[in-house]
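Structure record follows, encoded as structure tokens.
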Amino acid sequence: MTDMLEELKRKVYEANMLLPKYNLVTFTWGNVSAIDREQGIFAIKPSGVEYDKLTPEDMVLVDLDGNKVEGEFTPSSDTPTHVELYKAFAQVGGIVHTHSSYATSWAQAGRGIPCYGTTHADYIYGEVPCVRCLSKEEIDEAYEKNTGVLIAEYFRSMKKAPTAVPAVLCKNHGPFAWGKDATEAVHNAVVLEEVAKMAYRTESINAVVTPAPQELQDKHYYRKHGENAYYGQQ
């Protein structure tokens with residue numbers, strides 16, 4: 001195995017360990033992966049292994065056909081979803097799936113998360129979408145693969161850029177988030193959970209609240225993203 005893949009496994013291990021740190025997972029309810037695009041191989045958490053027992057060597061290497069390339073353990077059961085997202089989203093280098101409670105609550109309700117304020121707008125352009133539940137046929141045929149296919153088809157049909165909307169909710173299931181690498185994907189998963197919590201509380205306080213004005217959403221998103229971004233140190 002190349003040094004690059006060993007480094008990839010280390011980074012994916014470290015990113016997975018951030019999930020319990022930020023209270024995004026209970027027990028083993030989550031996974032992080034990251035891909036080496038040149039080699040077409042990604043590393044992902046093994047299925048059902050407790051976080052406090054994981055080591056970098058436990059990360060499983062998988063190719064974009066879903067075949068295990070290297071590893072003692074079976075890869076995450078969500079591996080086929082990661083495969084489909086990596087194939088569909090060329091700019092994505094890391095993917096996170098959790099069952100974080102607030103984001104999952106919106107998913108179970110079958111609702112996208114509206115952009116009610118600037119915290120949301122700083123990271124996600126517009127609503128976090130909630131895709132439909134899979135049909136019985138899709139579930140029976142290839143549940144995890146079809147979850148990824150559904151997400152990819154939704155973004156393609158709605159002409160949404162996965163870099164601008166780095167998260168999605170799957171109805172009756174839970175959230176996926178992604179980024180340029182594993183660390184950024186976890187960062188976006190943390191942001192997603194926080195804006196899900198804020199949106200829930202916002203609607204609890206004001207049941208007839210409306211999304212933030214578009215010009216305010218645009219200002220906050222584009223001051224951090226794009227050619228004319230000026231947030232942070234230049």
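Here, residue 1 is the first one in the sequence, and each next residue gets the next number. Since this is a predicted model, take the numbers as computed values, not measurements. Reckoned from all heavy atoms, side chains included, excluding hydrogens, waters and symmetry mates.
Contact between Asp36 and Glu38 at its shortest, heavy atoms only, is OD1-N, 3.1 Å. Shown here for Lys136 and Asp140, the closest heavy-atom pair between the two residues is NZ-OD2, 2.7 Å. Across all their heavy atoms, Glu144 and Thr81 have their closest contact at O-OG1, 2.7 Å. Annotation for Asp63 and Val69: closest pair N-CG2, 3.7 Å, computed over non-hydrogen atoms. When all heavy atoms of Thr104 and Thr98 are compared, the pair lying nearest together is OG1-O, 4.5 Å. In terms of heavy-atom proximity, Ser33 sits nearest to Phe42 at CB-CD1, 4.0 Å.
To the nearest 0.5 angstrom, His187 atom NE2 is 12.0 Å from Leu192 atom CG. Between Ile44 atom CD1 and Thr74 atom OG1 the span is 12.0 Å, to the nearest 0.5 Å. Between atom CG of residue Leu64 and atom CD of residue Gln39 there is a gap of 11.5 Å, rounded to the nearest 0.5 Å. For the atom pair CH2 (Trp29) and CG (Leu24), the distance works out to 13.0 Å, reported to the nearest 0.5 Å. Of the inter-residue distances, the one linking Ile113 atom CD1 with Thr202 atom OG1 reads 11.5 Å to the nearest 0.5 angstrom. The CG atom of Leu134 sits 5.5 Å away from atom CG of Leu150, with the distance rounded to the nearest 0.5 Å.
Side-chain atoms of Glu184 come within 3.5 Å of backbone atoms of Lys180 as a donor-acceptor pair (strictly under, hydrogens ignored). Counting only distance, with no hydrogens or angles, the side chain of Gln217 and the backbone of Tyr125 share no donor-acceptor pair below 3.5 Å. Put simply, the side chain of Asn206 gets close to the backbone of Val208: a donor and an acceptor are under 3.5 Å apart. The backbone N or O of Phe73 lies less than 3.5 Å from a partner atom in the side chain of Lys68, making a donor-acceptor pair. Not one N or O on the side chain of Arg132 forms a donor-acceptor pair closer than 3.5 Å with the backbone of Gly110.
There is a path of hydrophobic side-chain contacts, each under 4.5 Å, that joins Val190 to Val32. Hydrophobic clustering (side-chain heavy atoms under 4.5 Å, transitive across Ile, Leu, Val, Met, Phe, Trp, Tyr) groups Met59 together with Leu18. Two different hydrophobic clusters hold Met198 and Val128 under the rule that ILVMFWY side chains link at heavy-atom gaps under 4.5 Å. Under a hydrophobic clustering in which Ile, Leu, Val, Met, Phe, Trp and Tyr are joined whenever their side-chain heavy atoms come within less than 4.5 Å, directly or via other members, Val131 and Ile124 fall into the same cluster. No chain of hydrophobic side-chain contacts below 4.5 Å, direct or via other Ile, Leu, Val, Met, Phe, Trp or Tyr residues, connects Phe89 to Val149.
Side-chain atoms of Arg111 and Glu203, non-hydrogen and from C-beta on, do get closer than 4.5 Å to each other. Counting heavy atoms from C-beta on, the side chains of Val195 and Cys115 never come closer than 4.5 Å.
Here salt bridge (charged side-chain N to carboxylate O under 4.0 Å, His left out) pairs that include residues 114-131, with residues two or more places apart or in two chains, number zero.
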Tyr13 vs Glu57, test: side chain to side chain donor-acceptor pair (under 3.5 Å). Steps then yes/no. CA-CA 8 Å; Tyr13 164 77; Glu57 292 71 30; over 6 Å; no
Applying salt bridge (charged side-chain N to carboxylate O under 4.0 Å, His left out) to Lys11 and Glu6, what does each step give before you reach the verdict? CA-CA 9 Å; Lys11 289 180 177 179; Glu6 287 290 352; over 6 Å; no
Go through Val83 and Lys145 one step at a time and tell me if the side chain to side chain contact (heavy atoms under 4.5 Å, CB included) criterion holds. CA-CA 8 Å; Val83 168; Lys145 175 182 178 179; over 6 Å; no
Ring pair (Phe, Tyr, Trp, His ring centres under 6.0 Å) for Tyr123 and His225? Distances and angles first, verdict last. CA-CA 9 Å; Tyr123 293 93; His225 307 273; 7.1 Å; no
Would Tyr51 and Phe27 count as a ring pair (Phe, Tyr, Trp, His ring centres under 6.0 Å) here? Give the steps. CA-CA 8 Å; Tyr51 284 87; Phe27 301 125; over 10 Å; no
Would you be so kind as to tabulate the donor-acceptor pairs closer than 3.5 Å made by side chains of residues 156-177, with sequence neighbours excluded?
residue, atom, partner, partner atom, Å
Ser157, OG, Glu153, O, 3.1
Ser157, OG, Tyr154, O, 3.0
His173, ND1, Tyr143, OH, 3.4
His173, NE2, His97, NE2, 3.3

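Checking Asp58 against Thr55 by side-chain atom types alone, a donor-acceptor pair falls below 3.5 Å. Side chains of Tyr102 and Glu194: a donor-acceptor N/O pair is absent below 3.5 angstrom, by distance only. Ser135 and Glu138 share a donor-acceptor pair across their side chains, judged by distance under 3.5 Å alone.
The pair Glu14-Arg10 counts as a salt bridge, with a side-chain nitrogen and a carboxylate oxygen less than 4.0 angstrom apart.
Residue Asn31 is tested with Ser76, Pro75, Ser77, Ser47 for a side chain to side chain contact (heavy atoms under 4.5 Å, CB included); the sole match is Ser76.
In the displayed structure, Lys87 atom NZ is contacted under 6.0 Å by more than 12 heavy atoms of other residues, nucleotides or ligands.
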